[in-house]
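Reading through the structure tokens given below for one structure.
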Amino acid sequence: MKNKKLGYFSTIIFLFKYMDKMRIQYFLFYIGWLFQTIVTIITPIIFGLMINQVVYYNDLNMFLKIGAVFFYITLFGVVLYYLIYEMYGIIWNKYNRNFRIEMFSKLQNLTAIEMDQIEYGDTINMIQFWSIEAVNFIVRNIVHNINNILLIIVCLGIILRIDVVLGLVTLVFVPISVYASFIGGKDIRKNSDLNKEKFSNYVAWLFERINSFVDLRLNSAVKSTIVEMDDKLGEIYDINAKIAVHNTVVNEIIANLKNIILVIQYFLLAYLSLEKNLTIGTITVMLSFFAILSKALSDIAQNYMDAQQRISVIDRIKTFLERDTINTNNDNLEKLEKIDTIELKNCKFGYDENLVVCDVNLKIERGEKVAIVGPSGCGKSTLLNLILGLYKPSKGSVLINGQKMDSYDIKSFYNRVGAVFQNIVLFEGTIMNNLLMGSNVSEKKVVNSCKYSALDSVIAEMDKGLKTELTIGGQNISGGQRQRIGIARAYLKSADVLIFDEATSALDKVNENVILDNLDKALNNRTCIMVTHRIENVNMCDRVIMLKDGKVIADASPDEIREQCDDYRKLFNLV
């Protein structure tokens, strides 16, 4: 997790880590803006020279020559501006896409504990919307600020060269303007952090309420929920109002400072014009530089305040990207070719001081069918998550083929494991796409998997068969049909271990019996671990592991455990 909040320069360092393959484009983008800055500085000087040639020297020929230079520089500026924004489009698209993919990849590889803790609304905002602020920062708060600083330095240098007193007066007001924006930026950052936290909580709350609309109606809670939503939006509105007020106040202070500076500059310029007989061209150049200097100061101040809001967002992204992940893409770890044994040695797991699994010791051999049973809350699903490597034991270790799971590349482990949970995840697309999940298997294997999972009868009733389109989440088919697709999908995978967590809970007896009758054929000597509350499923297994309060209290065959364990008999009403 993060150690401290990001600052301006630490944000730059953090964002530049994600500039792979774009550093040349970014350099060219900066060079383009640098030339644009040079054009901004040169243009008023050339214009001043043109005026002097006409007013004081009556040299029309030189006026036309300088005018031609002025025209070509202006034309160059227009073309350059177009090229800059073409490059900006490339950077914006590439960086935004890379940053989003980085966050999505991180999300895919989070540990189960981290997945339990993230707020999905906040994460969606980060991936889909807040990544844009990272792009804006590297463009506006780095490139534009550097060039604005260069503008200020050059303008001050030229003004000092023309008149030291006027330059010094201008120089005094520059740090005052910057300091005003710095002070205002602190409050904006604080309120922005609070705003993002409140908004994150609000989006998570909104997701939860949308998914619970039936319960809200049935419990007559719709009205109270609307009141709650109004309160949450009110809190967010109040914070946004504070940010807007701070922005307005700071901008007004800076604007007034600019006006004071301009009045003093104009007064001194008028005085110098009389005392030193400044030419009209010189006066024009000075007025232009006053305007350029004023705009550059305003832009720096505004960019700094905008940066505080962006840093607040980027800091949340950094925190997300520093979450713990599984050991993916580690070439130093051994690739797992097969799973012969799974063993838990003195495994403990819990949240804080509350242990969910206590001192579990068990070993499962290849080809075994093992049922994990016990009352609700005894740690069955947690035990599966330990076996799957989604949770890391607080103490003890999980061994695969006698070696610690951490010694293997986790992706190679997942290639050897298939799992079916009670709530099947299906995606928009055809049934076939949901079965294959991008893999390439033979038609015979698809047919057999559908048969063994009792899915073939469902396919036969559909006009388009395996090409039938499913909506998001498979909502256009029943829960039992979704479970059969999930089981068939697991059978199709070339896995050594298949895990079922209440995988047939939504099925009727007829279809469940079809699956149980075909279980040995489908497994074909693969290891099977199932969590179930159905005695029929348990009786199909070679071993039964009975959990109570996170501990293994019995480990025997179905017949033996029935004879030996009172808790087992009570669980299945066999007393």
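Every heavy atom of this structure was used, including side-chain atoms; hydrogens, water molecules and symmetry mates were not. By convention here, the first residue in the shown sequence is residue 1.
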* Asked: Is a side-chain donor or acceptor of Asn303 paired with a backbone partner of Asn145 at a separation under 3.5 angstrom?
  ->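 Flag not set: sc Asn303 to bb Asn145 has no pair under 3.5 Å.
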* Heavy-atom donor-acceptor pair, Arg482 side chain to Gly474 backbone, under 3.5 Å ->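 Answer holds: yes.
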Find the distance between [atom1] ([X]) and [atom2] ([Y]) and round it off to the nearest 0.5 Å.
X      : Y      : atom1 : atom2 : answer
Ile12  : Ile142 : CD1   : CD1   : 4.5 Å
Ile124 : Phe104 : CD1   : CZ    : 10.5 Å
Asp306 : Ile311 : CG    : CD1   : 11.0 Å
Leu151 : Thr37  : CG    : OG1   : 5.0 Å
Ile314 : Asn141 : CD1   : CG    : 8.0 Å
Lys493 : Leu435 : NZ    : CG    : 14.0 Å

Of the non-hydrogen atoms in [X] and [Y], which two are nearest, and what is the gap between them?
X      : Y      : answer
Gln36  : Leu80  : N-CD2, 3.5 Å
Tyr414 : Leu388 : CE2-O, 3.2 Å
Asn434 : Arg489 : O-CD, 2.8 Å

Set of residues satisfying ring-ring contact (aromatic ring centres under 6.0 Å, His included) with respect to [X], sequence neighbours excluded:
X      : result
Tyr95  : Phe99
Phe290 : none
Phe14  : Tyr18
Tyr56  : none

Non-neighbouring partners of [X] that pass side chain to side chain contact (heavy atoms under 4.5 Å, CB included), sequence neighbours left out:
X      : answer
Lys392 : Asp406
Asn96  : Trp92, Arg100, Ser131, Ile132, Val135
Ala221 : Leu216, Ser224, Thr225
Lys295 : Asp299

* **Proximity of Tyr30 and Tyr26 rings by center, below 6.0 Å** =>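 When the ring centroids of Tyr30 and Tyr26 are compared, they turn out to be at least 6.0 Å apart.
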Flag the pair [X] / [Y] as yes when at least one side-chain heavy-atom distance between them is below 4.5 Å, and no otherwise.
X      : Y      : value
Asn52  : Val55  : no
Ile292 : Phe289 : yes
Thr284 : Pro44  : no
Asn98  : Met22  : yes
Phe320 : Arg316 : no
Phe349 : Asn385 : no
Arg97  : Ile101 : yes

Counting only heavy atoms not in [X], do more than 12 sit closer than 6.0 Å to its [atom1] atom?
X      : atom1 : value
Phe16  : CZ    : yes
Leu75  : CG    : yes
Phe421 : CZ    : yes

* Worked verdict on Lys467 versus Met432 for side-chain contact (heavy atoms from CB on, under 4.5 Å) -> CA-CA 6 Å; Lys467 293 183 179 180; Met432 178 64 91; 5.9 Å; no
* To do: Please collect all salt bridge (charged side-chain N to carboxylate O under 4.0 Å, His left out) contacts where either partner lies in residues 221-241, sequence neighbours excluded, each pair once.
  =>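 Every pair satisfying salt bridge (charged side-chain N to carboxylate O under 4.0 Å, His left out) with a residue in residues 221-241: Lys198-Glu235, Arg209-Glu228.
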Determine all donor-acceptor pairs shorter than 3.5 Å in which one atom belongs to a side chain in residues 58-73; sequence neighbours excluded.
residue, atom, partner, partner atom, Å
Asp59, OD1, Asn61, N, 3.4
Asp59, OD1, Met62, N, 3.0

* To do: Report the residue from Thr40, Ile38, Val39 that forms a side-chain contact (heavy atoms from CB on, under 4.5 Å) with Ile42.
  =>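 One option only clears the test, and that one is Ile38.
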* To do: Might you work through the salt bridge (charged side-chain N to carboxylate O under 4.0 Å, His left out) test for Glu102 and Lys106, ending with a clear yes or no?
  => CA-CA 6 Å; Glu102 177 74 18; Lys106 183 76 176 187; over 6 Å; no
* Yes or no on side-chain contact (heavy atoms from CB on, under 4.5 Å) for Lys94 and Gln25, after CA distance, side-chain angles and deciding distance? -> CA-CA 10 Å; Lys94 276 184 139 182; Gln25 291 95 323; 3.4 Å; yes
* To do: Could you walk me through whether Asn433 and Thr430 pass side chain to side chain donor-acceptor pair (under 3.5 Å), step by step?
  => CA-CA 5 Å; Asn433 288 339; Thr430 65; 3.2 Å; yes
Side-chain donor-acceptor pairs of residues 153-161 under 3.5 Å, sequence neighbours excluded:
none

* Summary of ring-ring contact (aromatic ring centres under 6.0 Å, His included) pairs that have at least one residue in residues 127-157, sequence neighbours excluded ->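 Listed once each, the pairs are Tyr8-Phe137, Trp33-His144.
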* Please step through side-chain contact (heavy atoms from CB on, under 4.5 Å) for the pair Phe29 and Val139, ending with a clear verdict. => CA-CA 9 Å; Phe29 178 72; Val139 171; 3.7 Å; yes
* Just by distance, with hydrogens left out, do Ser412 and Asn415 show a side-chain donor and acceptor under 3.5 Å apart? ->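 Checked: Ser412/Asn415 side chains show no N/O donor-acceptor pair below 3.5 Å.
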* Tell me, with the steps shown, if Thr468 and Ile477 meet side-chain contact (heavy atoms from CB on, under 4.5 Å). => CA-CA 11 Å; Thr468 300; Ile477 59 176; over 6 Å; no
